[in-house]
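Side chains are part of it too, since the values below use all heavy atoms of this structure and drop only hydrogens, waters and symmetry mates. Whatever order the structure lists them in is the order used to number ligands and atoms, beginning at 1.
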Amino acid sequence: MIPFNKPCYLGKESTYIQESIVQNEKISGNGPFGIKCKNWLEKQLGSKKALLTPSCTAALEMTALLSDISEGDEVIMPSYTFVSTANAFALRGASLRFVDIEPGTMNIDSEKIETAITNRTKAIVIVHYAGVACNMEKIMELADRYALLVIEDAAQALMSTYQGKPLGTFGHFGTISFHETKNYTCGEGGALLINDENYAERAEVIQEKGTDRSKFNRGQVDKYTWQDLGSSYLLSELNAAYLYAQLESAEEILADRLSTWQRYKQMLAPLEADKQIETQQIPDYATHNAHMCYIKARSPEERMLLMTYLKEQGILAVPHYEPLHSSKAGRSFGRFSGEDTYTTREGERLLRLPLYYGMNTEDVDYVAASIQNYYQS
Ligand SMILES: *Cc1c(COP(=O)(O)O)cnc(C)c1O
């Protein structure tokens, strides 16, 4: 069986975990490995401040607290995304406004955002689907003009860029996931990027259960006390140790995934030329991290049959999101703004192919050949 995903493991992870337990004797949050990861993120991305969190979901919740989202505020986002993008803001009482995607990237259509803005709109939450950038120039221009906060759900987008600048560093906040399904992982984990310094101090307080413990740790206050709302938004040092091994080898992981992605693209080109399937398009303004390789069948029925055929060949290819506006919770916490021209239609045709660090070329070729066989028979 060719799985859809295998969590990335290089070997050094176990050594670092051992080191945190035995040498460092520090296994809670913000220990030596946590600090190394945070420094790596700040340096690599050029973000003002990075905080490691238990998940991208937790980082998104922190952005909702930092944005002071409250009952009656409206938050704009795509409907084609993971539930965490929406939950974080619905939990603070926001009403969600789902905007259609552009079919080429499956990202929020920056041209359709403006009509969704009202005097209650507080923030625009964008998702860089498959690690491919949204149109950041247009989105930041709109946000500036209407004085809105921008949150980049860059869960899938570490090591991707828009016009050469890392994703997650354009908005006021960016969030990253280190879940085992993502390119860089530690099982469960995430990061919050603070790109506007004004939020840095409060973010530390929210992360430390609403206390100024971070200042205390740095010797800036002689005891720590309750300052503000907060929760426990720290990543365990054991996870940070695992993660640091991957961040150190970020370029190697990227190169490996990109070569698999390019191999798929090359092997599937004839089917695309025959207009049997569509493959991913990367806009000129973007470089991507090969988080995902998806194809689009001509219809939802064809996707279903292809998926079943691939499963019979021992290949796990999987669909992705049910649009949030069609889900039970999505209907009660928000509504679609404008027409759903592409969200449902394109989502129903999309099929994600196996892609993970260390995937054999023979396996990639076998998946591509199986797709070809399906269309030939
Ligand atoms: C994976 C993912 C999340 C959630 O990440 P966790 O670290 O599992 O909380 C949120 N948004 C998007 C777009 C994702 O792909």
Side-chain angles (χ1 to χ4, degrees), residues 4-5 7-8 29 34 37 41 50-65 75-91 96 98-99 101 105-108 123-134 139 150-160 167-168 170-171 173-193 207 231-236 239-240 242-243 246-247 257 280 288-294 318-325 327 329-330 333-334 343 346-347 350 352 355-356:
F4 170 68
N5 177 60
C8 182
C37 291
L41 287 166
L51 299 175
L52 293 184
T53 59
S55 61
C56 181
T57 302
L60 285 162
E61 287 176 19
M62 289 180 74
T63 71
L65 283 162
V75 175
I76 292 170
M77 63 181 63
S79 173
Y80 196 70
T81 183
F82 189 56
V83 294
S84 296
T85 320
N87 260 321
F89 300 91
L91 274 166
L96 315 175
F98 300 115
V99 169
I101 53 170
T105 58
M106 305 299 282
N107 284 335
I108 193 165
I124 305 173
V125 187
I126 56 155
V127 180
H128 302 295
Y129 185 72
V132 178
C134 296
I139 291 165
V150 174
I151 295 127
E152 292 176 76
D153 181 341
Q156 306 171 7
L158 184 56
M159 300 296 278
S160 294
L167 300 188
F170 288 85
F173 312 114
T175 64
I176 293 172
S177 173
F178 300 117
H179 186 261
E180 74 168 30
T181 51
K182 302 304 199 289
N183 294 21
Y184 307 96
T185 185
C186 59
E188 303 276 356
L192 170 62
L193 307 174
Q207 184 188 38
S231 189
S232 182
Y233 287 128
L234 293 139
L235 182 73
S236 157
N239 293 61
Y242 191 108
L243 181 62
Q246 309 226 328
L247 296 183
R257 296 187 71 106
Q280 268 166 288
H288 74 118
N289 61 359
H291 171 60
M292 200 187 283
C293 184
Y294 66 77
V318 293
H320 215 178
Y321 310 123
E322 175 190 32
L324 295 181
H325 74 283
S327 68
F333 295 116
T343 301
E346 297 298 302
L350 186 147
R352 295 178 293 158
L355 173 55
Y356 42 85

Under the 3.5 angstrom rule, does the side chain of Asn239 hit a backbone N or O of Pro54 as a donor-acceptor pair? no
Among all the protein's non-hydrogen atoms, which is closest to atom 1 (C) of ligand 1, and how far away is it? Lys182 NZ, 1.7 Å
Apply the test side-chain contact (heavy atoms from CB on, under 4.5 Å) to residues Leu96 and Phe89: give CA-CA distance (whole Å), side-chain angles for both, the deciding distance (0.1 Å), then the verdict. CA-CA 8 Å; Leu96 315 175; Phe89 300 91; 4.1 Å; yes
Note: ligand 1 atoms sitting under 4.0 Å from heavy atoms of His179 are 8 (O)
State whether the shortest distance between N or O atoms of Glu188 and N or O atoms of ligand 1 falls below 3.5 angstrom. no
Please check if the side chain of Gln246 supplies one atom and the backbone of Thr185 the other of a donor-acceptor pair under 3.5 Å. yes
Within less than 4.0 angstrom of ligand 1, does Ala58 place any heavy atom? no
Show your reasoning for whether side-chain contact (heavy atoms from CB on, under 4.5 Å) applies to Asn87 and Thr57. CA-CA 8 Å; Asn87 260 321; Thr57 302; 5.9 Å; no
Does Tyr80 have a heavy atom less than 4.0 Å from any atom of ligand 1? no
In this structure, atom 11 (N) of ligand 1 is nearest to the protein heavy atom Asp153 OD2, 2.8 Å
Could you name the option among Ala157, Ala86, Ala155, Cys56 that has the heavy atom nearest to atom 14 (C) of ligand 1? Ala155
Please check: side-chain N/O of Glu188 versus main-chain N/O of Ser55, any donor-acceptor pairing under 3.5 Å? no
Considering only heavy atoms of Gly189, which atoms of ligand 1 have at least one such atom less than 4.0 Å away? 7 (O)
Need the ligand 1 atom indices (1-based, order shown) with element for anything under 4.0 Å from a heavy-atom of Val127. 13 (C)
Looking at ligand 1, does any of its N/O atoms fall within less than 3.5 Å of an N/O of Thr57? yes
What is the minimum heavy-atom distance between Asn289 and Ala130, and which atoms define it? OD1-O, 3.8 Å
Which ligand 1 atoms, with their elements, are less than 4.0 angstrom from a heavy-atom of Tyr321? 13 (C), 15 (O)
Is it the case that the side chain of Ser177 and the backbone of Gly190 share a donor-acceptor pair, with hydrogens and angles ignored and the cut-off at 3.5 Å? no
Among all protein non-hydrogen atoms, which one is nearest to atom 3 (C) of ligand 1, and what is the separation to 0.1 Å? Phe82 CD2, 3.6 Å
Of the protein's non-hydrogen atoms, which lies at the shortest distance from atom 15 (O) of ligand 1, and what is that distance? Gln156 NE2, 2.8 Å
Between Tyr233 and Glu61, does the side-chain hydrogen bond (donor to acceptor under 3.5 Å, both in side chains) criterion hold? Intermediate values first, please. CA-CA 9 Å; Tyr233 287 128; Glu61 287 176 19; 2.9 Å; yes
Taking Met292 as the fixed residue, which of Met106, His320, Arg257 is the one that meets the side-chain contact (heavy atoms from CB on, under 4.5 Å) rule? His320
